[in-house]
Protein chains: 2
Amino acid sequence: MARRTGRRPGNPDTRESILTAARETFAERGFEAASIRGIATSAGVDPALVHHYFGTKEQLFKTCMNFPIDPAEVLPQVLAGGAEEIGERLVRFFLRIWDSPAGAAGVALLRSAVSNDWTARLLREFVTTQMIRHVLPKLTTEPAESPLRASLVASQMAGLAMVRYVLKLEPLASAAPEVVVAAIGPNVQRYVTGDLGTAAATAATEKAAAIATTEKAAAATGKTAATAATGAPGEKREKTAQRE
Amino acid sequence: MARRTGRRPGNPDTRESILTAARETFAERGFEAASIRGIATSAGVDPALVHHYFGTKEQLFKTCMNFPIDPAEVLPQVLAGGAEEIGERLVRFFLRIWDSPAGAAGVALLRSAVSNDWTARLLREFVTTQMIRHVLPKLTTEPAESPLRASLVASQMAGLAMVRYVLKLEPLASAAPEVVVAAIGPNVQRYVTGDLGTAAATAATEKAAAIATTEKAAAATGKTAATAATGAPGEKREKTAQRE
DNA sequence: CGATGAACTCAACGCTAGATGAAATCATGC
DNA sequence: GCATGATTTCATCTAGCGTTGAGTTCATCG
């Protein structure tokens, strides 16, 4: 054991290897469960070095989330061609991103959003602004319906991501992309342009509400919890933190 | 401060209140983020008492997951009426459970399954055994297709749970049950009995594979990670642990 | 060659977590 | 009315976390 501390002689790409290790760990474990110490070990490096390069754990996470995909740039590409086969194109686009290395960021974000507050807010805002404000209004005739349509699409996409990439439930987890597109595309299509039957449903609900108020009261125990603050995480550690 | 330690004078229902606090906390935070200390505080009790009654944190979680719903008993009820409107009935059934207090267990399980290994296995095995082995075979003509159909249904259900109960994305989060049934039911219906277009898709995939092998190679960087062991968590703490 | 700064590690602080064993208090049957 | 056992808390252990500041090694520019 001649020398252990101090600057490394050869390779200058340590920063990148830390980032890679961080991406993998965050994707596997989510924000909370991933540990800086684990990331450091996985990169063959001291934990302090991670802080030296990236600052706080949150800042490291956000750096990892800098996905190489600019929605404003690629989304028009998906929208091109009108509304007839938008469902299949959406699913195909979704799969191309999530099956690529960039998909790890998605898995990390999804994993983290489930048990971490500001991460959930991140994801929620992404969905609302990107989907509801930019995509859906251009496709449907009745603008009042588009928020509902957007969250329905989001539900199918989130479920696909959960089953295929997080839970890894077979056979969807390793099905060929075109099989998934053929299976799910038409359903997404219906959410975007189809008849949702909401008019009849709301009427039926109002009728039912008059009769079975009991059941609704029983179902209302659902709580409005999960308000655990953790407000916007102020900046810390300027040093070498931001770059790239 | 006359007496602080020792047996409590009045109420003998401490065990139940601990369980309730545990259910709420697990549902709000997931398995990892929930702390025994937090549960104990929320129940107005010492952390050691939680261990005294329920043993390990894992055992406590499993006790909380003892949902009051026996699938073998209620599922035939959903299946009654044949395959014509099974989609809507499935969604309605799903909502009735998840909107009820028992749904907290579902939220907890889903939240936990995302970042915890053995919890994910729990959920995965539940879906596979219950859905694929018991429900789907009775509805479709081609048994070879039923696993795919099951995971498609699971994807829509998981997505619905994520958007409505975990991320709380509006307007799906607070839409009336019958609106959700009308909107999602038909899509589930297609997954169960409709044409998935898999034959054409697989053919197209094989044709495309011959041409664009490049793109597939690029997409193959997806890693086969998430193998972090944590094998079956052996039993501990027999004492007063199991009961009920 | 010598100085400056970047890359890198050590050792430690403060905190929270799950878990444990012993002690204190109460209810109750004999 | 006292012994037994169930209930409940205290104090503590170990382990891991994020973070920090000081110190060590190396590259590079003058």
Side-chain angles (χ1 to χ4, degrees), chain A residues 1-19 21-22 25-26 29-62 115-116 230 233-241 243, chain B residues 1-19 21-22 25-26 29-61 115-116 228 230 233-241 243:
Chain A
M1 307 291 182
R3 55 235 156 77
R4 292 226 297 281
T5 164
R7 184 169 185 163
R8 226 182 267 180
N11 49 337
D13 53 347
T14 322
R15 197 193 138 96
E16 231 28 58
S17 70
I18 293 179
L19 245 182
T25 313
F26 279 137
R29 307 252 240 257
F31 177 78
E32 308 268 40
S35 74
I36 296 252
R37 291 169 131 101
I39 292 171
T41 308
S42 165
V45 138
D46 190 274
L49 193 58
V50 180
H51 283 106
H52 172 61
Y53 276 126
F54 302 97
T56 318
K57 192 183 176 187
E58 277 180 19
Q59 293 174 335
L60 173 60
F61 184 78
K62 282 174 186 164
S115 55
N116 187 279
T230 327
E235 299 303 319
K236 279 184 65 185
R237 269 255 192 182
E238 301 299 318
K239 297 175 67 173
T240 355
R243 218 179 72 191
Chain B
M1 306 292 180
R3 53 236 157 75
R4 290 226 297 280
T5 165
R7 183 169 188 162
R8 228 185 266 183
N11 50 339
D13 53 348
T14 323
R15 195 192 140 97
E16 238 18 67
S17 70
I18 293 179
L19 245 183
T25 312
F26 278 138
R29 306 253 239 257
F31 177 78
E32 308 269 40
S35 73
I36 296 250
R37 290 168 130 101
I39 292 171
T41 308
S42 165
V45 137
D46 190 272
L49 193 59
V50 180
H51 283 109
H52 172 62
Y53 276 126
F54 301 97
T56 317
K57 193 183 175 187
E58 278 180 18
Q59 294 174 334
L60 171 60
F61 183 80
S115 56
N116 188 281
T230 326
E235 299 304 320
K236 278 184 65 184
R237 270 254 191 182
E238 301 298 321
K239 297 175 67 174
T240 355
R243 216 179 74 194

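None of the values given here were measured: they were computed from a predicted structure. Numbered from 1 within each chain, the chains take letters A, B, ... in sequence-line order.
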Does [X] place a side-chain N or O at less than 4.0 Å from the phosphate oxygens OP1/OP2 of [N]?
X: Y53(A); N: dA6(C); result: no
X: T14(A); N: dA7(C); result: no
X: H52(A); N: dC8(C); result: no

Check the angle between the aromatic planes of F31(B) and F26(B) and answer parallel, tilted or perpendicular using the 30° and 60° thresholds.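 Because their plane-to-plane angle is under 30°, the rings of F31(B) and F26(B) count as parallel.
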Look at the side chain of R37(A) against the base of dG16(D) and say whether a donor-acceptor pair falls under 3.5 Å; ignore hydrogens and angles.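 Side chain to base: no pair present.
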Atom-pair distance ([atom1] on [X]; [atom2] on [N]), nearest Å:
X: N116(B); N: dG18(C); atom1: CG; atom2: P; result: 13 Å
X: I18(A); N: dG18(D); atom1: CD1; atom2: P; result: 14 Å
X: F54(B); N: dA19(C); atom1: CZ; atom2: P; result: 14 Å
X: I36(B); N: dT20(C); atom1: CD1; atom2: P; result: 11 Å
X: H51(B); N: dC13(D); atom1: NE2; atom2: C1'; result: 13 Å
X: R15(A); N: dA7(C); atom1: CZ; atom2: C1'; result: 13 Å
X: K57(B); N: dT16(C); atom1: NZ; atom2: C1'; result: 12 Å
X: E32(B); N: dC17(D); atom1: CD; atom2: C1'; result: 13 Å

Look only at the side chain of S42(B) and the backbone of G38(B), and say whether a donor-acceptor pair between them is shorter than 3.5 Å.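 Not confirmed, S42(B) side chain does not pair with G38(B) backbone.
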When you measure from the side chain of T56(A) to the backbone N and O of Q59(A), does any donor-acceptor pair fall under 3.5 Å?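 Answer holds: no.
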Show the numbers, then the answer: is there a side-chain contact (heavy atoms from CB on, under 4.5 Å) between L60(B) and Y53(B)? CA-CA 9 Å; L60(B) 171 60; Y53(B) 276 126; over 6 Å; no
Want to settle it: does D46(B) or A34(A) sit nearer the 5' end of DNA chain D, counting the closest nucleotide to each?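 The residue whose closest nucleotide sits nearer the 5' end is D46(B).
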Test log, rule side-chain contact (heavy atoms from CB on, under 4.5 Å), inputs R15(A) and I18(A): CA-CA 5 Å; R15(A) 197 193 138 96; I18(A) 293 179; 5.9 Å; no
Taking any heavy-atom pair under 4.0 Å as a contact, classify A40(A): base, sugar-phosphate, or nothing.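 Nothing, no heavy atom under 4.0 Å.
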Please tell me which of the listed nucleotides, dC17(D), dG18(C), dT9(D), lies nearest to the side chain of L49(B)?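 Selected nucleotide (nearest to the side chain): dT9(D).
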Residue A48(B), side-chain heavy atoms: nucleotide from dC10(C), dG21(C), dT19(D) that is nearest: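 The nucleotide sitting nearest to the side chain is dG21(C).
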